[in-house]
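Inspection log for the structure reproduced underneath, given as structure tokens.
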Amino acid sequence: MNAISFRNVTKGFSRHSGQQLLQQHLKRLITGKVPELFYALRDVSFDVPAGEGLAIIGANGAGKSTLLGITAGLAKPTSGTIEVKGRVAALLELGSGFHPDLTGGENVMLNASLMGLTERQAKRQFDEIVDFSGVREFIGEPLRTYSSGMVVRLAFSVAVNLDPDILIIDEVLAVGDAAFQAKSFEKIMQLRRAGKTFLCVSHSRDMLADICDHALWLEHGRTMMAGGFDQVFREYSDQSVPA
């Protein structure tokens, strides 16, 4: 069974914003002309079997973060279809879904609810989340009083301790001090051994190799190669080295 499936997914963004975007929309209504789009993804297809990991590799601007965002439900494709089966934890911009005026504890409960947990399930995991984050002393304080490091540690702890089926990771394992980073990586490996599904972006080949079975190489939004991790990474590395 596939946990994640992309079929001919394309994602385009308007090159305009604000007043320009309104003008383009009005022009489209009057003339019928479609405004110019920038395509972050073009006709991308892949599957991630349940319990396996897929690394997304490519240079900056290849479309990696767009692909992760669409998988996490933060954006919709311009065309194509996506199927995601299971509870998703997205380790993208940690803390972006938190509310600064709520306490740390209230943010934990809110994010658990957004991930589909009942209040009883969230309360059962609450102490584990707080203890892992290391911010118990401040859990009753408004989030706006937290340092940025405290926020990302709490956000990371929420994501990995709510029993997700799928983890989406985008360069977030360098959070906190060295001790917390080591603890975070060990937690990720525990989830990997437990058969969770991973979709990962990282500049660390070693980390990707530990988590991922397969790789997808993107270039300017298009699929260059997909297959076993070592084979794809070797081809990508050979192409990336100047002649």
Side-chain angles (χ1 to χ4, degrees), residues 2-48 53-100 111 114-115 148 151-152 155 159 164 166-174 197-204 208 212 214-226 232 236 239-240:
N2 292 320
I4 304 169
S5 293
F6 271 50
R7 290 291 177 269
N8 307 112
V9 171
T10 293
K11 178 60 178 178
F13 295 94
S14 174
R15 293 183 180 274
H16 304 283
S17 61
Q19 187 66 28
Q20 286 182 320
L21 187 60
L22 176 60
Q23 291 172 356
Q24 288 291 317
H25 180 64
L26 292 173
K27 184 177 180 180
R28 179 182 182 182
L29 292 175
I30 295 170
T31 66
K33 293 183 178 180
V34 178
E36 181 183 4
L37 296 179
F38 162 74
Y39 287 96
L41 295 175
R42 291 179 179 268
D43 198 30
V44 174
S45 297
F46 65 88
D47 296 310
V48 185
L54 177 69
I56 310 299
I57 63 176
N60 291 338
K64 303 186 298 294
S65 293
T66 298
L67 188 152
L68 297 189
I70 291 175
T71 308
L74 302 177
K76 293 183 178 180
T78 303
S79 62
T81 60
I82 300 165
E83 189 172 11
V84 179
K85 298 178 181 178
R87 180 183 298 143
V88 177
L91 304 180
L92 304 175
E93 295 182 16
L94 290 176
S96 60
F98 282 3
H99 195 292
N111 275 261
L114 293 174
M115 287 181 64
S148 58
V151 172
V152 296
I166 301 169
L167 278 92
I168 301 174
I169 300 176
D170 188 6
E171 297 286 6
V172 298
L173 292 185
T197 304
F198 283 81
L199 190 63
C200 305
V201 169
S202 175
H203 289 301
S204 171
L208 291 175
C212 300
H214 314 284
L216 176 71
W217 170 15
L218 294 178
E219 190 168 304
H220 301 299
R222 298 184 184 275
T223 300
M224 297 297 293
M225 185 178 182
V232 175
Y236 170 68
Q239 292 291 328
S240 300

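- The structure places CG of Asn8 at 8.0 Å from OG of Ser79, a figure rounded to the nearest 0.5 Å.
- Distance check: Leu167 CG to Phe198 CZ gives 4.5 Å after rounding to the nearest 0.5 Å.
- Separation of atoms OG1 (Thr197) and NZ (Lys85) is listed at 11.5 Å; rounding is to 0.5 Å.
- Looking only at distances, a side-chain donor or acceptor of Thr10 sits under 3.5 Å from a matching main-chain atom of Asp43.
- Between atom CD1 of residue Ile169 and atom CG of residue Leu91 there is a gap of 5.5 Å, rounded to the nearest 0.5 Å.
- In this view, Asp47 and Ser5, Arg7 satisfy the side chain to side chain donor-acceptor pair (under 3.5 Å) rule, not counting sequence neighbours.
- In this view, Ser202 satisfies the side chain to side chain donor-acceptor pair (under 3.5 Å) rule with no residue, not counting sequence neighbours.
- Interatomic distance, Met225 CE to Leu216 CG, rounded to the nearest 0.5 Å: 11.0 Å.
- Not one N or O on the side chain of Arg87 forms a donor-acceptor pair closer than 3.5 Å with the backbone of Ile166.
- The closest donor-acceptor contact from the side chain of Lys11 to the backbone of Leu67 lies at 3.5 Å or more, if one exists at all.
- Relative ring orientation between Phe46 and Phe6 is described as parallel, the plane-to-plane angle staying below 30° on a 0-90° scale split at 30° and 60°.
- Between the Lys64 side chain and the Ala59 main chain, a donor and an acceptor come within less than 3.5 Å of each other.
- Note that CD of Glu83 and CD1 of Ile4 are 11.0 Å apart. Values are rounded to the nearest 0.5 Å.
- Between the side chain of Thr223 and the main chain of Val44, no donor-acceptor pair closer than 3.5 Å is present.
- Counting heavy atoms from C-beta on, the side chains of Ile168 and Val88 come closer than 4.5 Å.
- Residues satisfying the salt bridge (Lys or Arg N to Asp or Glu O under 4.0 Å) test with Glu219, not counting sequence neighbours, are none.
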